[in-house]
Structure formats: structure tokens, C-alpha cells
Novice: 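Dumping the structure here so I can ask a few things about it.
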Amino acid sequence: MSTLTVEHVARIEGHGTISVEVDNGAVGEIRMDIVEPTRFFESMVVGRRFDEAPLITSRICGICSPNHAVTSLKALEAAMGIEISERTRLLRTLLVHGSFLQNHATHLYVLAAPDYVGLPNFIPLAESHPEVVARALSIKKLGNDLTTAVGGRPVHPITAVVGGFTAEPSRADLEALAERLRSVAKDVAETVGLFSTFDVPKFDTAGEMLALKAEGEYAVYDGDVCALDAGWCRPVGEYLDFVSEHVVGHSNAKHSTIDGRTFMVGALARVNLNWDQLMPTARIVASKAGLRPISKNTFANNLCQAIELVDAAERCAMLCQRLLDETGSSKPVGYKIKAGAGTSATEAPRGTLYHTLAIDDDGFVTAGNVITPTAQNLANLEADMRAFAPTVVDLPEEQFVLRIEQLVRAYDPCLSCAVH
Amino acid sequence: MPAHVAVISLASDFGCQVQITNLDDKLLAVLGQFELSYWQLASSGHLPDTYDVAVIEGAVTTPEHVELLKRVRATARTVILIGACAVTGGIPGLAADGFDERLGCVYGDDGTLLVCGRISPMPVDSVIDVDYRVPGCPIQPDELVAVLQRALMGLADRPQREPMCASCKVAENQCFYEHGVVCLGMITRSGCGAKCISLGRPCTGCRGVAADANLEYARQVLVERGLDPARLVTALQLYNSLQEAAR
């Protein structure tokens, strides 16, 4: 019996260690230890003023900070019964889609792609595939510029507050962004093309898939939570009734199940559940790349992230145009601080993100709960590793380990989110 | 020969490392000046036995972090801290108050099962001497580049001494105190161009307390505006709860 260990798996956000026991060609125990240090965010918001909560929770993760900020704002607005303007909703939706552009481009090119071209990291790609690097950086920069225009900077937005925005992008900014978003269409379509050429294992997850769904849009800002296999849709406010979190001894991140079953959230789940709501070009590009729902191949999550890049670019251009065409204000609406508890969810790049915040009459936070996408995925990720490892155990050790790492990176795990 | 750089992360949200990748078009030019020896976020491989420059993100929250930092200090010629977590303890520092109760509060009775030990959060300079600090939550990529250049040329760290209000005057921002809103611009280290204030948000002090900050005068300003001076300290706790000024 030998145990193969990958300490601090590279090219993922946060610290995790994979260990696989192999005995005479048979796979024994296999697990992913999440050693990312606990920061106790849910306890940190308690006692702080309500308007500091989005500032604090967005520090759970520097990669998807716009998502944490927006989800916290929504939870506070739900707690105090605050109705935001349509323009605020549009801007927040743009911020969330912008974070998809930013994140997916980073994960696909900087973190995942080196696996498929046999390189340890992104930098040597600049010599071997300069056109790919140029494309990657231009998409990522566009995502950053978009989140900067709306949120004030690429990491940890400034302008989004309870009830609205303290500043908006100028007309000139929106016009320039819309133009750039339209002209990036070719680059994002080529990203789908590139990822469709990568040789991925044929491996279907046995887990359930969950994502938000809403009438008439590719749900990221609002919607009900829907389960692909079980076929149900439930309001976000009930999430604590269907998602159960439990502590496991080898992980600082809790594991989640629904009805005792592991499940997957993220791009693959969203594309499966929201296929009809994707922008037509995204559907065409996806079909050309050979992806049609329902796909249960975990490795197809990366291809779905690329498909979401196509969707996000076109959708963000449309949102910019709507903001240019429509009047209305995103200035924070007036509200009275009052006691209450609110729950909300958005789709972060890695999947559905839930926040609950309770405040007292003076506006101080009395309780907080956060369930992040990666925390929901971890039990399914381990189940996948157990099912997948025996299918590649005959490969040379180095290749075997790489395949397991690739499976982990297909999830685009964010361990600082998962632990928080 | 180019300097070998290792990027090391403690307890953080990785946002400052993301800001390194956000150098975008400058990224390859900047990284081209170094030999990247280790960067878990972006590259396979392990922390090598030798390197010249350590770039550290995150607060100290485990005994392993303390051991790692001692090893890093014994290895690296230059230690650069990036971000509020590393420099002041940042947001993770908020957990230091009542630290022992927090495990049960978040994880319930099963909390003792969790892997790796935990210690009350600390900034990196509580454990080792450091050479350069790039403050902020998150850091500004340009400031990191400037500090790296200084480090490569062997120049000493040169922190901005003047507070944010100076940048605000240049940006012609309206003062939040005119609306009775507490802003930490009077005492916060400048250098971000007063970004938050220019976008309609008061300064929350993520860059740390300026070396020449006049805390007594700042308290007096609150009193003169009819505000409770204790609010200055509460506001300061957000990113600086482990610093003397917030106690």
C-alpha cells in the first residue's frame, strides 16, 4: 500500500491536499484535506454595523468579491424590506456578469489550460502560444475594466451600497465597454474552440446539480434554486431546509448535501439548467463544441465556463446598451434601519452563493451565515475522485496524479471561500 | 542574474495575489524581471530551499504559519508584505477579540475535529522582521511594482507618511464630515489617490494608520462635529483592530 499525496495543490485558490491510497493497482481511501486556515467570517460580522457587512464578507474571497458584496447587500435589503431601482438591479447584474468574465478567463487560461498543454504554469505559454496569452489577457482585462467601471476597482467593489450605487460608470465608459464587449466576441468563441480541442476523460458525476433559475433570463442575480435530477425548484429563502452542512474531520470547510445526496454547482449545472436562457451565440458555439445538455461530465465544467464567457460578453454589451438607453437612477433609495433577517443568493462564477444576515434595531449585525459554491461542491468532488481514480489508476504514477489534479481543477475550487 | 521570487500566502482571500495577475498587459514585463521560484496560486511546484525575495500575503493564524515565516526569514534576503492582512492583520484580525469562542460559534460542537491548529490572528511583523510593506485591501498593482523596483535596486522602503486627506484635497473631494459621516481619511496612510472617497464612500482605513497621523486631533474633529469620538476607534477596527491606534 502506498499513499500518493499532493500537498497544496497548485493553481487553485487556497490550500488543499489530495491523498490517494493505492495498493497493487487498486485505489483505497481517497480524500481532499482542506487545510486553508479558518478565519471565522460568520462570527466576524456579528457586532459590526450592517453597512460594514458587505465590506467584511467580500473579503472572504478576492476572486469573487463582487459576488459576496452583492449577495450581502441583497440579504440586508431583504432584512429591512428595501426595494431597489431597476437601474441598480441592471448595474448589479452587470457587476456579477463582469465577474464571470474576469474569473472564467483567469481560471481557464491561467489555472486550467497549463494542464492540457503540459506546462507547470501560464508564463511559458507566452513563448509557446503568444496568441493564446494575448487573447487570455485581453478577455481578463475587459472583465477587470468592466468590474472597475461599475464597482470602482477589479477586486472588492466600492460603489455598491445598501439601496443602490454611490457612483456610476459615465456614458463614455458604457459606450466604450459596449464596443469592446462586442469586439471580444471572436476571442471568447475561440476560447470555447480551444477548450473543446482538449482531450478530457469521459467521466460522469453521479451527483445532483443545482442552480438558480428565473423567468426570461440566465439567472445570476435572482431566481429560485432548481435541482436537475429531482426536478424541483424552491425559493432561496428555504435554502437551510434543503442544503445541510456538516463538519468533516479532514477539512476546515464544511461539506454539503441535499436530501443526503452530494451535488454540484457552477457553470456545468447552470448550463444544464438554463440552456434555453443562454444567448443564442453561446448556444451555437456550445453546440459546435459538442456540448449539449444534459452533460454530466465533470470535466465539461471548464468548457461550460468558456461558453459562459461567450454568453457574458454578449449579455454585458446588451446591459451596457440598456443602461445607455434607459433613464432612471441608481442612487441609494431612502430607508429606515430596522431589525430583521434576510436571506439571498446569487450565482457566483463557481456556483450558487447564499448569505443570511440578521440585524437589530440599531443596525448592528446579530447573526450571519454564508454557504459558498465550493463548500457545496466539496463532498461531490470527493465522491467524483473516488469514482474516477480507479479508471486512471493504470496510468504511470505522475500521469495518474495529474489526472486527479485535473479533476479537482475542473471544479475551479476556491478554498478560501469554502473555509471562510 | 534575475532575483528569485517566492509568493507565499497565509490566511487571506488571495485578492492581493489576484491583483498581481491584474497587472494584465504589464504582467509579463514585470514577471520577466524575476525568476518566479514558487507561486502556489499560479504554478505547480513546491517552495524551494533557496530564493531571494519572499512576497507574503495574509495574516498569521496557525502555528504552521509561524514556523513557515521563521523559515522564510532565514532564507530570503528580502521580505515584502502585500495587503492589509499581512501588514496590519486586516479583516482576519477582527477575529482576535473573543478568539476562543469563535470555533464553536461557526463550527458548533464538532469544531474540535478540524485540521491544523489555530492561533489568534497577528500581522506578519509580529513574528518576523520585514523589509517592505505594500498596504491596502486590496493592494494596488502599481504600488507593488514600485516597491519591487525599490527592492531590486536595494533602496529602503519609503512609506507614504501623509494621511489620505492630502490626496482628497488634490482630488477636490467634498469632505464626509460636512454630512456628519465618519471618515478615516485624517489618519489613514495615503497612496491610493483617495479612491473610495472619490467614488462616494468614506475612507475605512485599509491602508493602515499613517506614520504622522494625529489621532488626538482626529478625535477632536469628531467631537466638534457632534459625533461620538468612540466611533473613530470602532471604524478603525475594521482593518486595524490589532494596531495600537484601535485599542
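Note on naming: letters A, B, ... go to the chains in the order of the sequence lines (proteins, then strands), and numbering restarts at 1 for each one.
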Novice: Counting only heavy atoms closer than 4.5 Å, note whether Ile34(A) contacts chain B via side chain, backbone, both or neither.
Specialist: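 Backbone only.
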Novice: Cys196(B) versus chain A, heavy atoms under 4.5 Å apart: side chain, backbone, both or neither?
Specialist: both
Novice: Below 4.5 Å from any heavy atom of chain B, which atoms of Ala367(A) appear? Answer side chain, backbone, both or neither.
Specialist: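 No part of it gets close to chain B.
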Novice: Among side-chain atoms of His156(A) and Asp13(B), is any donor-acceptor pair under 3.5 angstrom?
Specialist: yes
Novice: Need one label for Cys85(B): side chain, backbone, both or neither, based on atoms under 4.5 Å from any heavy atom in chain A.
Specialist: neither
Novice: Output yes when a side-chain donor or acceptor of Gln40(B) lies under 3.5 Å from a complementary backbone atom of Glu13(A), and no otherwise.
Specialist: no
Novice: Would you say that Arg11(A) contacts Leu41(B) through its side chain, given a criterion of any heavy-atom pair below 4.5 Å between the two side chains?
Specialist: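 No. Closest side-chain heavy atoms not under 4.5 Å.
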Novice: Quick check on Leu103(B) against chain A: is it the side chain, the backbone, both or neither that has a heavy atom closer than 4.5 Å?
Specialist: both
Novice: Does the side chain of Lys254(A) come within less than 4.5 Å of Leu114(B)'s, by heavy atoms?
Specialist: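 No, side chains not in contact.
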Novice: Does any heavy atom of chain A fall under 4.5 Å from the side chain of Ser9(B), the backbone, both, or neither of them?
Specialist: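 Contact with chain A: backbone and side chain both.
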Novice: Pick whichever of Gly98(B), Ala11(B), Cys137(B) has the most heavy-atom pairs under 4.5 Å with chain A.
Specialist: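 Highest number of pairs under 4.5 Å: Cys137(B).
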Novice: Using heavy-atom distances under 4.5 Å, tell me whether Ser251(A) contacts chain B through its side chain, its backbone, both, or neither.
Specialist: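 For Ser251(A), the backbone is the part near chain B, not the side chain.
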Novice: How close do Ala95(B) and Phe40(A) get, heavy atom to heavy atom, and via which atoms?
Specialist: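 That closest heavy-atom pairing would be CB-CD1, 4.4 Å.
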Novice: What part of Ser198(B) gets within 4.5 angstrom of chain A, counting heavy atoms only: side chain, backbone, both, or neither?
Specialist: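 For Ser198(B), neither part sits under 4.5 Å from chain A.
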Novice: With a 4.5 angstrom heavy-atom cut-off, which part of Val6(A) approaches chain B: side chain, backbone, both or neither?
Specialist: neither
Novice: Measuring only between side-chain heavy atoms, which start at C-beta, is Arg39(A) closer than 4.5 Å to Leu94(B)?
Specialist: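 Not in contact.
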Novice: Under a 4.5 Å cut-off applied to non-hydrogen side-chain atoms, are Pro37(A) and Arg118(B) in contact?
Specialist: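 No, too far: nothing below the 4.5 Å cut-off.
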Novice: Cut-off 3.5 Å, side chains only: do Ser43(A) and Arg102(B) have a donor facing an acceptor?
Specialist: yes
Novice: Verify the neighbour count for atom CD of Glu131(A): are there more than 12 heavy atoms of other residues, nucleotides or ligands below 6.0 Å?
Specialist: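 Enclosed.
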Novice: Does a side chain donor of either Arg153(A) or Gln140(B) reach within less than 3.5 Å of an acceptor in the other side chain?
Specialist: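 The criterion, which ignores hydrogens and geometry beyond distance, is not satisfied for Gln140(B) and Arg153(A).
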Novice: Identify which part of Ile56(A) has an atom lying under 4.5 Å from any heavy atom of chain B, answering side chain, backbone, both or neither.
Specialist: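 Ile56(A) touches chain B through backbone and side-chain heavy atoms alike.
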Novice: Give a yes-or-no answer on whether the side chains of Asn22(B) and Lys141(A) include a donor-acceptor pair shorter than 3.5 Å.
Specialist: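 No - no donor-acceptor pair under 3.5 Å links their side chains.
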Novice: Non-hydrogen atoms of chain B under 4.5 Å away: do they reach the side chain of Glu405(A), the backbone, both or neither?
Specialist: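 Neither part.
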Novice: Could you walk me through whether Phe41(A) and Val106(B) pass the side chain to side chain contact (heavy atoms under 4.5 Å, CB included) check?
Specialist: CA-CA 8 Å; Phe41(A) 268 91; Val106(B) 173; over 6 Å; no
Novice: Heavy atoms only: give me the nearest Glu36(A)-Ser12(B) pair and the separation to one decimal.
Specialist: OE2-O, 3.8 Å
